[in-house]
Amino acid sequence: MTFPQTRLRRLRANPVLRSMVRETTLDPRDFIMPLFVCEGNGVSTPVESMPGVSRLSIDSCVEECTRVRELGIGAVLLFGISGHKDESGLCGADDDGIVQRAVRAIKANVDNLVVITDVCNCEYTIHGHCGSVVNGKVDNDRTLETLALQAVSHAKAGVDMVAPSDMMDGRVGAIRESLASAGYTDLPIMSYAAKYASAFYGPFRDAAGSAPQFGDRRTYQMDCANTDEALREVRLDIEEGADIVMVKPALSYLDVIYRVKTEFRIPVAAYNVSGEYAMVKAAAENGWVEHDRVMMEILTSIKRAGADMIITYHAAEAAILLRGEGD
Ligand code: PBG
C-alpha cells in the first residue's frame, strides 16, 4: 500500500487518537532518582553545575525521599560524599559510614521506596580513582576486595540493591560471592556493565568531589567508539550474577542500549548522566530550547531505545509533569 491509499497523517490529527497509537510511554515508575548524601544536619547545598540538584545531609535526604516516593518514583540511587578518604577506599566499607547511615535512616522512615547504593571507591580514595593504586596503576584484583566489603556493608545496612560502578574486571562475581557468604543471596545487583570513559561525567565529579587527581579513567572505563565490547561486558556481568545491566551515559549511547536489550532480553537500566542534565539546564536557562519538551523527548528516546528504567536527575520534575498530563 502506498500513497494515496496510505496516509500516515490520518492517525496524527486527533490528539486522543495520537496518544492511543503512541508506542512508548513514560511512567514515574521508570525513574530512579540519584541523590548525593553528605554529613551535617539540615544541609542542602546546591551543586553549581547541576541546577536543581543539591548535596543533602541525611535528614534532608529522608525528606527528599519522602517527596520522591509521593511522586510515584520507584527508587533512589545513593552516592556518599564522605568526610573520610584513604589510599584504598576501604573506609567506604565502614558500617557507620555516610551511605550506611543514610540507608538505615531512609529504610526506617520511608515505605515502599527501593534504595539502591552506588558501590565504588572513587568517593573514598584520596586520589579519586575507582580502585586501589599500586605503582601508579589502578590494581584490579586488589580493588575487588574493598568493593566486596563495601557491598556487604551496604547489605548489612538494609539496602535493596547494590550498583557497582567501578568497571573492574570480575567485580560482579566477587560481590556476588561475598554477598552469598554473608547470607545475602537474594540481594539484586544492578551492574554498571557498559560504562564508558565519558566527558559527560564532569558535573557529577564536582558534586561528589571524586575527580581523579592524576590520569583519567580510560584504563578501566570503556572507549566510546565500541559496542561489540559493550556486549562482552554485559555478558560477563550476567554470567557473574548481575540482575540488571546498565548502559552509561544514555544519550550518546542509545545504540548500545538497543543492542544490549535486543541481545540479552534482560532488564536494562540507562543512566542519563550529569553532563546530559547540565546541557539541558544551560540551554533552557538561555532560552535556547524549551526545557520540559526537551527533557521529555530525551527520556522517551532512552526508553524507546530499550531501557526498562532510567536513572535521571530529572526524575522528580518529569514525574510532576506526567502527573499533570493525567489530570
Ligand atoms: C562513580 C560514578 C560516576 C558516576 C556515577 N558513578 C563518576 C565517574 O565514573 O567518574 C557519574 C554519574 C553522572 O555523571 O551523573 N564511579
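Just follow the structure's listing: the first ligand is 1, and inside any ligand the first atom is 1. Positions are given from 1, in the same order as the sequence printed here.
Between Y277 and ligand 1 there is no heavy-atom distance shorter than 4.0 Å. Residue Q221 places a heavy atom under 4.0 Å from ligand 1.
Listed by number with element, the atoms of ligand 1 under 4.0 angstrom from any heavy atom of C120 are 16 (N). The contact set between ligand 1 and C122, taken as ligand atoms under 4.0 Å from a residue heavy atom, comprises 1 (C), 16 (N). Close approach of ligand 1 to D118 (heavy-atom distance below 4.0 Å) involves ligand atoms 6 (N). Heavy-atom proximity to Y313, at under 4.0 Å, picks out these atoms of ligand 1: 12 (C), 13 (C), 15 (O). The contact set between ligand 1 and Y271, taken as ligand atoms under 4.0 Å from a residue heavy atom, comprises 12 (C), 15 (O). Here is the list of ligand 1 atoms found below 4.0 Å of a heavy atom in F79: 5 (C), 6 (N).
The N/O atoms of R217, backbone and side chain alike, include one that comes under 3.5 Å of an N/O atom in ligand 1. For E123, no nitrogen or oxygen atom sits less than 3.5 Å from a nitrogen or oxygen atom of ligand 1, counting backbone and side chain alike.
Nearest non-hydrogen protein atom to atom 2 (C) of ligand 1 is K195 NZ, 3.4 Å. Ranking the protein heavy atoms by distance from atom 4 (C) of ligand 1 puts K248 NZ, 2.5 Å first. When hydrogens are left out, the protein atom nearest atom 14 (O) of ligand 1 is S274 OG, 2.7 Å; that is the closest non-hydrogen contact.
Here ring pair (Phe, Tyr, Trp, His ring centres under 6.0 Å) pairs that include residues 51-87, with residues two or more places apart or in two chains, are F36-F79, F79-F204.
A salt bridge does not link D27 with R29: none of the charged nitrogens is closer than 4.0 Å to a carboxylate oxygen.
Neither L78 nor V114 shares a network with the other; the hydrophobic side chains, linked directly or stepwise wherever heavy atoms of I, L, V, M, F, W or Y lie under 4.5 Å apart, form separate groups for each.
Side-chain contact annotation: Y192 with D118, donor-acceptor N/O pair under 3.5 Å present. At a cut-off of 3.5 Å, with distance as the only test, a side-chain donor of R259 or T227 sits close to an acceptor on the other residue.
For D139, the side chain to side chain contact (heavy atoms under 4.5 Å, CB included) partners at least two apart in sequence or on another chain are V134, D141, R142.
For the pair K195 and Y201, the distance from NZ or CZ to the six-membered ring centre is under 6.0 Å and the angle to the ring normal is within 45 degrees.
Around atom CD of E177, no more than 12 heavy atoms belonging to other residues, nucleotides or ligands sit under 6.0 Å away.
Under the 6.0 Å cut-off for aromatic ring centres, F214 and H129 qualify, their centroids lying closer than that.
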